[in-house]
Trainee: 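Below is a structure I'd like to ask you about.
Each chain gets a letter, A, B and so on, in the order its sequence line appears, and its residues count up from 1.
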2 protein chains.
Amino acid sequence: MSLRVSQVAEQAGVSPDAVRFYEKEGLLPQPPRSPAGYREYDPTVPQRVRFIKGAQEMGLKLAEIGELLEIQDRGACPCGHTKTLVERRIAEIDAEMARLSGLRVELAEMAKLECPATDQGDLWPCEVTFIKRGGERVG
Amino acid sequence: MSLRVSQVAEQAGVSPDAVRFYEKEGLLPQPPRSPAGYREYDPTVPQRVRFIKGAQEMGLKLAEIGELLEIQDRGACPCGHTKTLVERRIAEIDAEMARLSGLRVELAEMAKLECPATDQGDLWPCEVTFIKRGGERVG
DNA sequence: GTAAACCTTGGAGTCGACTCCAAGGTCAAG
DNA sequence: CTTGACCTTGGAGTCGACTCCAAGGTTTAC
């Protein structure tokens with residue numbers, strides 16, 4: 001039996017619109033249609049959609065996932081390519097974590113600051129911190 | 001002396017378009033105009049723009065920065081509010097770092113996988129990993 | 001036979017922070 | 001007096017991954 005778009009969507013945990021969107025973007029093959037024009041999906045399609053969601057949760061973009069699927073569909077082993085993608089993503093994650101960790105320190109320091117008795121003109125401690133940062137960056 | 005939009009932009013390290021955009025969004029006051037209609041900025045404005053950039057690098061959204069500036073402009077001490085914003089952002093950062101760190105582990109494991117001799121039908125190890133993840137999530 | 005719940009399409013709207021464009025006005029230098 | 005570098009405005013375009021809509025056709029249940 002074939003599946004309708006909303007059944008695929010439900011089984012994969014996405015919206016029917018998303019399924020149609022993936023098809024439009026070339027991530028899902030165009031399925032055969034019923035006489036009335038309804039999409040009739042192969043029962044393996046929800047798995048493919050879950051693959052998309054899984055890869056997406058790994059931080060890959062739809063375009064990248066599309067690349068992977070395309071290579072896979074052509075029957076070539078995409079592992080090398082996948083590895084490149086994955087390693088690039090790991091590097092991005094490392095960079096982002098370093099950035100966030102530095103940021104966290106600065107924010108935590110900022111959150112410790114107290115308000116009363118400003119000695120910096122008409123600026124408050126937190127704002128002074130912000131502005132000093134801006135000044136450092138540029139000047 | 002007053003500054004023109006591109007001078008403000010240069011001193012703050014942004015584009016003239018960005019300066020006009022901030023004005024449109026209410027983050028910068030509408031400056032007086034020259035007879036020809038040119039914006040004539042107070043020399044403190046680049047500092048305000050750097051404040052915006054600084055806060056932005058902290059991960060605050062323009063709308064939030066706008067809130068801060070508005071309170072500041074009204075003469076009220078925004079420290080409590082700033083603190084709320086900053087603490088919220090810290091919580092977000094912690095959540096994001098936890099997510100990324102888990103992700104990194106999974107990706108690193110994936111990158112270690114080797115290609116040859118698939119024993120899982122017509123899927124490659126990396127894809128199997130992806131799909132299994134999808135399957136776990138949903139089923 | 002009719003109402004609800006699906007399906008189809010194309011196209012617009014969303015968020016965020018801009019950027020880019022066109023079509024014109026202004027100003028300093030040579 | 002012209003060239004070129006600025007300025008003005010409003011509005012459209014960008015990226016990403018959808019969501020929502022209208023206006024119609026179909027299928028299913030009662």
Trainee: Separation of K24(A) atom NZ from dC20(D) atom C1', in whole Å?
Mentor: 12 Å
Trainee: Would you find a donor on one side and an acceptor on the other, under 3.5 Å apart, between the side chain of R20(A) and the backbone of V5(A)?
Mentor: no
Trainee: Which is true for S34(B) with a 4.0 Å heavy-atom rule: it touches a base, it touches only sugar-phosphate, or it touches nothing?
Mentor: nothing
Trainee: Return the value, rounded to whole Å, for the distance between atom CG of L60(B) and atom C1' of dA17(C).
Mentor: 15 Å
Trainee: Does the side chain of F21(A) come within less than 4.5 Å of E25(A)'s, by heavy atoms?
Mentor: yes
Trainee: Within the pair R39(B) and dT9(D), is there a side-chain N or O less than 4.0 Å away from OP1 or OP2?
Mentor: yes
Trainee: Provide, to the nearest angstrom, the distance between the CD atom belonging to Q56(A) and the P atom belonging to dA17(D).
Mentor: 6 Å
Trainee: How do Y38(B) and R4(A) order along DNA chain D: which one's closest nucleotide is nearer the 5' end?
Mentor: Y38(B)
Trainee: Given dC18(D), dA17(C), dT9(C), identify the nucleotide with an atom nearest to the side chain of K61(B).
Mentor: dA17(C)
Trainee: I need the minimum non-hydrogen distance between A12(A) and P46(A), along with the two atoms involved.
Mentor: CB-O, 3.8 Å
Trainee: When all nucleic acid strands are considered with a 4.0 Å heavy-atom cut-off, which category describes E25(A): base, sugar-phosphate, or nothing?
Mentor: nothing
Trainee: If I take atom CG in residue D17(A) and atom C1' in nucleotide dG10(C), what distance separates them, rounded to the nearest angstrom?
Mentor: 12 Å
Trainee: Of all the choices, dC18(C), dT9(C), dC7(C), which nucleotide is nearest to the side chain of A18(B) once you look at every atom?
Mentor: dC18(C)
Trainee: With nearest nucleotide decided by heavy atoms, which residue, S6(B) or I52(A), maps closer to the 5′ end of DNA chain D?
Mentor: S6(B)
Trainee: Can you confirm whether R50(B) sits close enough to V14(B) that some side-chain heavy atom of one is under 4.5 Å from a side-chain heavy atom of the other?
Mentor: no
Trainee: Rounded off to whole Å, could you give me the CZ-to-C1' distance for the F21(B) and dG13(D) pair?
Mentor: 14 Å
Trainee: Hey, does R20(A) reach any base, or is it just sugar-phosphate, or nothing, if we go heavy atoms under 4.0 Å?
Mentor: base
